[in-house]
Novice: 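Take this structure first; my questions come after.
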Amino acid sequence: MKKKLLNSILIATLAIFGLSNKVNAQTISCGYNYSLVVCNSNTAMSMGSNSDGQLGDNSGSAYSNVPVQVSGLPGVIAIAGGDAHSVALKSNNTVWTWGAGYNGELGNGTNSVSLVPLQVISLSAITAVAAGGYFCLALQSNGTIKGWGHNGFGEIGDGTTTDSNVPVQSGTLTGITEIAAGYQHALALKNNGTVQAWGANASGELGLGTNSTVINPTQISTLTGITGIAAGATHSLFLKNNGTVWACGFNTDGELGDGTNTDANVPVQVIGLSGMTAVAAGRTVSIALKNDGTVWAWGKNLDGELGDGTNINSNVPVQVSSLTGITAIASSESFSLALRNDGVVWVWGKNNYGQFGNGTFTNSNVPLQPSGLCPVLLAVNEITEHSNVSVFPNPANGVFSVLVNSPANDARLEIYNSMGALVYQQNKVSIHNNINLSNQANGLYLIKVLSGDKNVGCQKLIKE
């Protein structure tokens, strides 16, 4: 029997990518009233609600207000939390799930609960994962998507409304570089900067100009130049290549950030934001990361979700207090996480199940640190293996050269920002390649040269 759908949300996941089993961006995530992190040892820890085993520690306890170890899960490079299920990507590109499986969200051919991670069947070459309310998505290295779990609103994108407890193809999508899963809707970013959307749409969260459910991935015609996406409970966020943020969907609490409290079924611009590099969406709150390492939030603030030291809603962005040097963000039902450039995690908002991991159940309207949490894997780590790729100059102001030793005929060049979004792609690679990223924000970028599915080499670039 299916678990009753709750009027709640999980996180819309951050973008991730894998490289040489070392590089990723989705190292922090929020589920519904629980938190997940990837340690720099490539293990995982969790804290908060454990009603269906979503913490993965095999304890059977109802909750934990201190961090606990996810059992038997080495080699983790990315993680995501849903309503009461969790999903992890390992360095061998396999996917593992645990927690509630009532709707098939564990993807292992059953509809049961698991207190420990289990491998999702028939998946390989996966580069990103996302967890929705009661469903999951996985991005394959060939740019296609697999989905499984609850599908009553078409959220797994296979053109039906039938649940699936094994992965199925999500439409005919190709060229996908990023995925995001909301409560009952999903988003996919293509390598040409356009966005596909599907699933529930009662508040206009798909941005298609209607409020009708859509069971097949459909392009949002008004959006171009998109570099990042996030899906909340019933709203969506879009980051453009000029550093602005756009939003659509439910807006009663101001989560669209356009200065109104009126729903919008087409994307509207969030007021006053520029230089943004990442977005995350919770149930009724939105947050964005700026290129100076600060974090901005808007929407509901009853439990301190905005982190600005107040409990007053805001329909325009306000700065989260005291946060600097932030490299990654995540948001959920009524709380958010931020990862600093030294591997330290900060958390604020609602703490009713101990999702802060600080030994209390006390909410906070300013960021706090969990107690006893491992140093968290940073968005982009040092790459130490030999590389056939070099970059000059580095740092650069946006114009630079990529030198490739003996490139293969099928070699291609890809550049990702520090949150895992593909910002540049070149399908023909020569020994000397001139690149211009002047239209991108300053920060850290990863340059990959691939031949088929094999990594030829990689380098970091600092754009100043």
Novice: More than 12 heavy atoms of other residues, nucleotides or ligands under 6.0 Å from CZ of F400: is that the case?
Specialist: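 For F400, atom CZ is crowded (more than 12 foreign heavy atoms under 6.0 Å).
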Novice: Quick one: pull up CG in N417 and NZ in K463 and give me the separation to the nearest 0.5 Å.
Specialist: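 Going from CG on N417 over to NZ on K463, the span is 12.0 Å.
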Novice: Taking E205 for the side chain and F250 for the main chain, is one N or O donor matched with an acceptor at less than 3.5 Å?
Specialist: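 No, E205 side chain to F250 backbone: no donor-acceptor pair under 3.5 Å.
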Novice: Does the side chain of E255 reach to within under 4.5 Å of the side chain of V285, using non-hydrogen atoms?
Specialist: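 They are not in side-chain contact.
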Novice: Run T110 and L118 through side chain to side chain contact (heavy atoms under 4.5 Å, CB included) and show every step you take.
Specialist: CA-CA 11 Å; T110 74; L118 302 173; over 6 Å; no
Novice: Which pair of heavy atoms, one from A281 and one from A230, lies closest together, and at what distance?
Specialist: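 Smallest interatomic distance, heavy atoms only, reads N-CB, 3.8 Å.
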Novice: Do Q426 side-chain atoms and K428 backbone N/O form a donor-acceptor pair below 3.5 Å?
Specialist: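 Yes; at least one donor-acceptor contact below 3.5 Å.
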Novice: Taking all non-hydrogen atoms of both residues into account, name the closest pair between V345 and V376 and its distance.
Specialist: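 Result for this residue pair: CG2-CG2, 3.4 Å.
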Novice: Using only atom types and a distance under 3.5 Å, with no angle test, would you say the side chain of W296 pairs donor to acceptor with the backbone of I287?
Specialist: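 Such a contact is absent between W296 side chain and I287 backbone.
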Novice: So how far is it from L323 CG to W348 CH2, rounded to the nearest 0.5 Å?
Specialist: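 Going from the CG atom of L323 to the CH2 atom of W348 covers 5.5 Å.
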Novice: Which distance, rounded to the nearest 0.5 Å, do you find between the CG of L36 and the CD1 of I28?
Specialist: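 It comes to 11.0 Å.
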Novice: side-chain hydrogen bond (donor to acceptor under 3.5 Å, both in side chains) between T43 and Q69: does it pass, once the steps are laid out?
Specialist: CA-CA 8 Å; T43 58; Q69 192 81 35; 3.1 Å; yes
Novice: Using a 4.5 Å cut-off on heavy atoms from C-beta on, say whether the side chain of S71 contacts that of W98.
Specialist: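 They are not in contact (no side-chain heavy atoms under 4.5 Å apart), so the answer is no.
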Novice: Please tell me if the side chains of T210 and N201 come closer than 4.5 Å, counting only heavy atoms from C-beta onward.
Specialist: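 They are in side-chain contact.
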Novice: Distance from Q440 atom CD to N241 atom CG, nearest 0.5 Å?
Specialist: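 The CG atom of N241 is 6.5 Å from CD of Q440, to the nearest 0.5 Å.
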Novice: Within the structure provided, determine whether V76 and W96 are in side-chain contact (heavy-atom separation under 4.5 Å).
Specialist: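 They are not in side-chain contact.
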Novice: Can a donor-acceptor pair be found, under 3.5 Å and without considering hydrogens, that links the side chain of S29 to the backbone of G81?
Specialist: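 Here the side-chain-to-backbone pair exists.
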Novice: Please answer whether the main-chain N or O of I156 pairs with a side-chain N or O of S170 as donor and acceptor at a distance below 3.5 Å.
Specialist: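 Looks like yes, one N/O pair under 3.5 Å.
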Novice: May I ask you to test the I126-V120 pair for a side-chain heavy-atom distance under 4.5 Å?
Specialist: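 I126 vs V120: side chains apart.
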Novice: A side-chain contact here means heavy atoms from C-beta on lying under 4.5 Å apart; do Y102 and N111 qualify?
Specialist: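 Y102 does not reach N111 side chain to side chain.
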Novice: Once rounded to the nearest 0.5 Å, what's the spacing between atom CG of N216 and atom CG of L173?
Specialist: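 Going from CG on N216 over to CG on L173, the span is 9.5 Å.
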Novice: Counting N and O atoms only, with roles assigned by atom type, does the side chain of Y34 sit under 3.5 Å from a partner on the main chain of G82, one being a donor and the other an acceptor?
Specialist: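 Side chain of Y34 to backbone of G82: a pair is present.
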Novice: Crowded around D342 CG? As in, over 12 foreign heavy atoms under 6.0 Å?
Specialist: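 Correct, the count exceeds 12.
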Novice: Which of these passes side chain to side chain contact (heavy atoms under 4.5 Å, CB included) with I176: L139, T144, L189, N142?
Specialist: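 Considering L139, T144, L189, N142, a side chain to side chain contact (heavy atoms under 4.5 Å, CB included) with I176 is found only for L139.
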Novice: With sequence neighbours left out, what residues match T160 under side chain to side chain donor-acceptor pair (under 3.5 Å)?
Specialist: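 Residues passing side chain to side chain donor-acceptor pair (under 3.5 Å) with T160: N151, D158.
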Novice: Just by modelled atom types, is the N191 backbone N or O under 3.5 Å from a matching donor or acceptor in the T177 side chain?
Specialist: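 Here the side-chain-to-backbone pair does not exist.
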Novice: If you define the side chain from C-beta out and look only at heavy atoms, does anything of P407 sit under 4.5 Å from V449?
Specialist: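 No, too far: nothing below the 4.5 Å cut-off.
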Novice: State, to 0.1 Å, how close L187 and A197 come at their nearest heavy-atom pair, and which atoms those are.
Specialist: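 That would be CD2-CB, 3.7 Å.
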Novice: I'd like to know if the side chain of T97 and the backbone of L106 have a donor-acceptor N/O pair within less than 3.5 Å.
Specialist: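 Checked: pair present.
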Novice: To the nearest 0.5 Å, what is the distance between OH (Y445) and OH (Y416)?
Specialist: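 Separation between the atoms: 14.5 Å.
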Novice: Checking I77 against V38 for the side chain to side chain contact (heavy atoms under 4.5 Å, CB included) test, could you report, in this order, the C-alpha distance in whole Å, the side-chain angles of both residues, the deciding distance, and whether it holds?
Specialist: CA-CA 7 Å; I77 61 172; V38 178; 6.0 Å; no
Novice: If we ignore hydrogens and angles and just use 3.5 Å, is the side chain of N433 paired with the main-chain N or O of V402 as donor and acceptor?
Specialist: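 Here the side-chain-to-backbone pair exists.
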Novice: Tell me whether Q26 contacts the main-chain N or O of A128 through its side chain, where contact means a donor paired with an acceptor under 3.5 Å.
Specialist: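 Side chain of Q26 to backbone of A128: no pair is present.
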Novice: Would W298 and L273 count as a side chain to side chain contact (heavy atoms under 4.5 Å, CB included) here? Give the steps.
Specialist: CA-CA 11 Å; W298 58 98; L273 291 184; 3.7 Å; yes
Novice: Applying side chain to side chain contact (heavy atoms under 4.5 Å, CB included) to V295 and W346, what does each step give before you reach the verdict?
Specialist: CA-CA 11 Å; V295 179; W346 296 83; over 6 Å; no
Novice: A side-chain contact here means heavy atoms from C-beta on lying under 4.5 Å apart; do V347 and Q355 qualify?
Specialist: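 Side chain of V347 against side chain of Q355, heavy atoms only: no contact under 4.5 Å found.
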